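Because only heavy atoms are used, hydrogens play no part in the values below, and waters and symmetry mates are left out as well, while side chains stay in. Keep in mind the model is a prediction, meaning the values are calculated, not measured. In each ligand, atom 1 is the first atom listed, and ligand 1 is the first ligand listed.
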Amino acid sequence: MTAPNSTRAALISLMLAIPTLGIAQEIIDTDTHRLEEVAEGIYFATGNGALYTMSNALIIERDDDVVIIDSHITPAAGRALLDSIRVVTDKPVTTLINSHFHYDHANGVPAFGPDIEIIGHEVTYQKLTGDPANEQTYLSSLNRFDNTVANLQQRIADASGAERAELQTQLEFWQAHVRAQDEIVFTPPTTTLKDTMTLYRGGREIQLHYFGRAHTGGDLAIYLPQERIVFTGDMMLGGISYMGDGYVAEWADTLQGLKQLSFDLVLPGHGPGFRDLDRIDNVQAYYGDLTEEVRRLKALGYNAEEAAARADLRQHADTLGVDQLGANLEAVQRMYDIMDGNID
Ligand SMILES: [Zn+2]
């Protein structure tokens, strides 16, 4: 689309004057992704359901190359991401930042070839060079996908007509994902950091920050100060994150660090981006209250299972939808293990 220069200038000044309602300036739909251009040359990539991607990614175009954050759940999903990048730019993808070690963010890495620089926290390196194939969170995901396939096969056996066809489509989607897992090669970072690192190349400033333990022992917040955007991986989603590898008692403090940055837009590892920064306060309050509640119940002699059933966090109903008694058992069990000194 072209417009006379004066019209175009008027349009641009109009766009600048109006606060953005959604998060994107422009949306590009590829075969496998929705790319939301959240600032010039910066695209928030979410899967469109053509194949299983599970997590979000960020594409950052620089003068001569491209940096990406996270790579999805399998090499096949990573290749789909690369194909989608090719829709918006021909520049080489030289650098990949891992927000954290989890399978659904890091297992697409091999799609980007052997020469790419992979930057991650030291803990991400330790996890991916340790025994990643036997990490509990990864193993339980394999189980979950196998169960999903078995469940669909069962339902197809009992279904007919349009419902059966719909279930068959779902089955093929999940079977394709399970097959894609055969290609996984755990690939650790080639460059690590402990606290902070800044990339200045190609007309961009990209800051990497570690503020403490939260969703894992090595979560990075990737901050673009000029654009006032932060990619938070899973340390900050729109609501409560998965806590099975988390440090719930430390999480609120870590998010306090995040809040020291100046940003207007949060791009999380799952779910849509958001500008409502109160969400950070809300989950901080939840993690703090969950910590206190679990300590209280443990002191009363309840085991983890009992504590998970009894934990009362319904004061978070309005902000986080916690309207039932109880807390996630995996999270509570892990909190017990940490309090008992079974986990560092
Ligand atoms: Zn995660």
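Checking H72 against N107 by side-chain atom types alone, no donor-acceptor pair falls below 3.5 Å. Side-chain contact of H102 with D234: a donor-acceptor pair under 3.5 Å is absent, judged by distance alone.
Residues T198 and I206 have side chains not in contact (no heavy-atom distance under 4.5 Å, counting atoms from C-beta outward). Under the 4.5 Å side-chain criterion, counting only non-hydrogen atoms from C-beta, L290 is in contact with M243.
Near the Zn ion (ligand 1), less than 2.8 Å away, sit the protein N, O or S atoms H100 NE2, H102 ND1, H215 NE2, D234 OD2.
Considering E61, E227, E40 as possible partners of R204, the one that fulfils the salt bridge (charged side-chain N to carboxylate O under 4.0 Å, His left out) test is E227.
For Y336 and Y302, the ring centers sit 6.0 Å or farther from each other.
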